[in-house]
Amino acid sequence: MTNEDVALEFEQIADLLEIKGESAFRVNNYRRAARTIDDLDEDLSEIAARNELPALPGVGKSIAAKIQELLDTGAMGFRAELTQEVPETVLTLLEIPGLGPKKAAALWQKKSIATLDRLKTAIEAGELGDLKGFGKKTLATILSGIEFLQRAVGRTRLGDALEAAADLCGAISKMEGVTRVEQAGSLRRGCETAGNIDLLCRAENGKAVVEQFTRIPGVSKILAVDDAWGSVLFEWRPRKTIQVDLRVASSVSFGPAWQYFTGSKTHNARLARLATERGLRLDETALVDVKTKRTLPAPDEEAVYRALDLPWIPPELREDRGEFEPGAPPADLLRPEHIRGDLHMHTVASDGRSTVEEMAEAARALGYQYICITDHSQSSTIANGLTPERLEGMIAEVREVDRKIADIEVWIGTEVDIRADGSLDYEDELLARLDFVVASIHSGLSKDLKTNTDRTIAAIHNPYVNAIGHPTGRMINARKPMQLDIEAICREAAAAGAALEINAGPYRLDLKDEHARLARDLGAMLVVCTDAHGAERLDRITYGVTTARRAWLRKQDVLNTRSAKEIKQFVQAKRT
DNA sequence: GCCGTTTTCGGCCCGACTGTTTTCAGTCG
């Protein structure tokens with residue numbers, strides 16, 4: 001059980017207690033404990049081994065015992081007791097944007113509503129007319145939220161699916177007779193969410209491999225098996241499952257199988273047609289010469305594409321969005337090693353977990369030339385945003401770290417809030433002293449299209465703003481993007497010389513692939529950054545790179561593939 | 001439920017936004 005798992009457990013206990021009607025202070029303390037646990041650098045089990053759990057802020061005798069129980073048994077009796085009174089499913093109501101514990105409590109206590117479906121029918125049947133706090137607008141928001149969530153049902157975020165897939169691949173690679181394991185499907189194509197995890201392994205003893213596959217720890221249900229295929233439900237986090245399909249291919253058919261199971265469907269359909277035109281037949285088992293009925297050797301994907309007179313096409317491009325055209329794929333499609341620095345990250349000064357030095361060391365380990373520290377600005381009080389005075393202090397601190405640490409440039413910037421009226425959260429004089437400025441919207445996301453577009457454009461035109469952070473504010477599977485005229489934003493950014501971020505955070509991936517492609521087409525510069533809140537999160541840049549690749553971005557389309565000197569020129573150009 | 005003492009109990013994290021509430025509660029970051 002990871003710290004994150006334990007933190008979530010306590011967060012949900014707080015929710016359940018609040019819905020039950022417990023004292024707000026008791027509830028808050030569980031939330032505080034959850035936050036403490038989530039913010040730890042060290043594994044909880046190590047702290048527990050030293051008997052130091054009660055020393056953690058917000059953790060006393062009672063919670064320490066509950067953590068210990070979780071670590072020892074993977075479950076908590078207290079939670080089980082709670083769910084006797086408040087059904088587990090009530091927690092799904094809290095996923096509706098705009099619906100918190102108080103409203104969930106009212107729905108459960110007054111109307112016995114505990115599921116999304118039931119809530120939806122109750123609203124549609126007008127059953128909630130007499131419930132205080134549930135006016136017309138609120139009900140409309142809730143309905144739209146339910147529909148949003150129901151579309152997300154069964155979709156797992158790319159980051160989570162990739163982590164689960166990496167664990168599974170590790171386990172499968174150790175199995176008897178397996179000589180290769182690869183990811184396939186939407187996961188390999190880098191789609192922002194995955195309905196299932198598609199895996200492919202090379203082995204000649206399919207049945208035995210499938211048999212071992214179904215016994216991997218974490219497999220909670222076997223959905224189907226045959227001699228070369230197994231489908232299971234896998235629990236990648238407590239109470240979170242995803243379907244995993246493993247196919248076994250022999251070495252002769254590995255290429256066609258990997259290609260086929262990577263998809264997409266439309267890409268494969270085009271390939272199959274190209275094969276037919278050449279007198280070949282391509283399916284998941286083989287590439288066959290129709291006339292001679294001879295199976296062409298295809299131990300890898302390159303052989304498949306070569307037989308169709310195509311270059312190998314990167315999986316992220318396999319969406320039938322132009323990848324078959326002459327000149328595609330671009331030779332300089334963005335790759336992780338092109339990234340020379342990260343320009344959006346937080347430290348302990350605001351809501352991060354690591355110090356400036358720790359961020360710098362981690363970035364140096366990634367081989368970066370430069371990073372920019374961009375803590376929150378004063379309006380983001382809950383994120384401990386920096387007052388102008390504290391930012392002054394940070395300027396000095398970062399300059400000092402920059403002097404001390406060799407081989408990497410450490411810059412000072414900010415993630416400055418774009419306020420509701422489009423003004424920024426710091427004066428220009430202060431921004432002018434920074435090396436790089438990211439401007440982001442964190443509040444008032446539900447304002448109308450014009451307001452949001454105008455305030456973003458206002459920020460774009462501030463001479464000291466170099467990038468717009470997470471431009472749409474969406475949270476994958478959790479929050480819709482704000483209303484925004486993306487095209488206008490892209491045009492203005494292109495004209496003003498501001499970059500648009502592809503936020504690499506696996507919950508955000510914002511801009512998303514289609515929008516990033518549009519931005520590039522309209523002449524805007526993109527910048528791929530992690531928005532990391534801890535040194536160990538800097539490596540999530542790969543999610544952003546994947547999104548950029550799905551947007552067909554080349555190295556030259558992405559600002560932070562440039563040298564430190566060129567970045568400084570980019571900043572300077574906008575100021576003068 | 002935790003914390004910090006005042007060693008036995010009172011206080012506990014902020015501020016904006018939104019909808020509906022005619023004076024503010026609930027949600028969110």
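Residue numbers begin at 1 in each chain, while the letters A, B, ... track the order of the sequences.
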Rounding to a whole Å, what distance do you find between [X]:[atom1] and [N]:[atom2]?
X: A:His376; N: B:dG15; atom1: NE2; atom2: P; value: 17 Å
X: A:Leu128; N: B:dT20; atom1: CG; atom2: P; value: 13 Å
X: A:Lys66; N: B:dC2; atom1: NZ; atom2: C1'; value: 12 Å
X: A:Arg26; N: B:dG10; atom1: CZ; atom2: P; value: 19 Å
X: A:Lys132; N: B:dT20; atom1: NZ; atom2: P; value: 13 Å
X: A:Leu53; N: B:dG1; atom1: CG; atom2: C1'; value: 15 Å
X: A:Leu17; N: B:dG1; atom1: CG; atom2: P; value: 8 Å
X: A:Asn28; N: B:dC14; atom1: CG; atom2: C1'; value: 12 Å

**OP:** Tell which nucleotide pairs with B:dT8, taking only Watson-Crick or G-U wobble pairs whose two distances are both under 3.5 angstrom.
**Re:** none
Original post:
Can you check whether A:Ser446 has a side-chain N or O nearer than 4.0 Å to OP1 or OP2 of B:dT18?
Top reply: yes
**OP:** Output yes when at least one side-chain N/O atom of A:Thr138 is less than 4.0 Å from OP1 or OP2 of B:dT20, else no.
**Re:** yes
Subject >> Partner set under side chain to side chain contact (heavy atoms under 4.5 Å, CB included) for A:Lys447, not counting sequence neighbours >> reply: A:Ala420, A:Thr451, A:Asn452, A:Arg455
Protein-nucleotides 24-29 of chain B N/O pairs under 3.5 Å:
unit_1: B:dT27; atom_1: OP1; unit_2: A:Gly100; atom_2: N; d: 2.6
unit_1: B:dT27; atom_1: OP1; unit_2: A:Gly100; atom_2: O; d: 2.9
unit_1: B:dT27; atom_1: OP1; unit_2: A:Lys103; atom_2: N; d: 2.9
unit_1: B:dT27; atom_1: OP2; unit_2: A:Lys102; atom_2: N; d: 3.0
unit_1: B:dT27; atom_1: O5'; unit_2: A:Gly100; atom_2: N; d: 3.3
unit_1: B:dC28; atom_1: OP1; unit_2: A:Gly98; atom_2: N; d: 2.5
unit_1: B:dG29; atom_1: OP1; unit_2: A:Arg479; atom_2: NH1; d: 2.0
unit_1: B:dG29; atom_1: O5'; unit_2: A:Arg479; atom_2: NH1; d: 3.4

Original post:
Salt bridge check: are A:Asp38 and A:Arg35 linked by an N-O gap of less than 4.0 Å?
Top reply: no
Tell me what [X] touches on the nucleic acid: a base, only sugar-phosphate, or nothing, going by heavy atoms under 4.0 Å.
X: A:Ile13; value: nothing
X: A:Arg31; value: nothing
X: A:Val27; value: nothing
X: A:Ala24; value: nothing

Checking [X] side chain against [Y] main chain: does a donor-acceptor pair fall under 3.5 Å?
X: A:Asn462; Y: A:Tyr464; value: yes
X: A:Lys574; Y: A:Ala498; value: no
X: A:Arg390; Y: A:Ala349; value: yes
X: A:Arg155; Y: A:Thr193; value: yes
X: A:Asp342; Y: A:Ile371; value: no

Between [M] and [N] - [atom1] atom distance, rounded Å:
N: B:dC17; M: B:dC12; atom1: C1'; result: 24 Å
N: B:dG29; M: B:dC13; atom1: C1'; result: 13 Å
N: B:dA16; M: B:dT22; atom1: P; result: 23 Å
N: B:dC2; M: B:dT8; atom1: C1'; result: 14 Å
N: B:dG4; M: B:dG15; atom1: P; result: 23 Å
N: B:dG11; M: B:dT5; atom1: C1'; result: 12 Å

Original post:
When the ring planes of A:Tyr30 and A:Phe10 are compared, do they come out parallel, tilted or perpendicular, using 30° and 60° as the limits?
Top reply: parallel
**OP:** Evaluate the ring planes of A:Tyr370 and A:Trp411, with Trp represented by its six-membered ring, and classify them as parallel (under 30°), tilted (30 to 60°) or perpendicular (over 60°).
**Re:** parallel
Output a table of nitrogen or oxygen pairs between the protein and nucleotides 6-8 of chain B separated by less than 3.5 Å.
none

Original post:
Which residue, A:Lys137 or A:Phe78, contacts DNA chain B at a nucleotide closer to its 5' end, judged by nearest heavy atom?
Top reply: A:Phe78
**OP:** Find which nucleotide of DNA chain B each of A:Phe25 and A:Ile63 is nearest to by heavy atoms, and output the residue with the more 5' nucleotide.
**Re:** A:Ile63
Original post:
Do you know which two heavy atoms are closest between A:Gly145 and A:Pro97, and how far apart they sit?
Top reply: CA-CD, 4.2 Å
Subject >> Closest listed nucleotide, where the reference is the side chain of A:Asn29 and the choices are B:dC17, B:dG1, B:dT20 >> reply: B:dG1
Original post:
Crowded around A:Glu22 CD? As in, over 12 foreign heavy atoms under 6.0 Å?
Top reply: yes
Original post:
Is there a donor and acceptor pair closer than 3.5 Å between the side chain of A:Arg35 and the base of B:dC13?
Top reply: yes
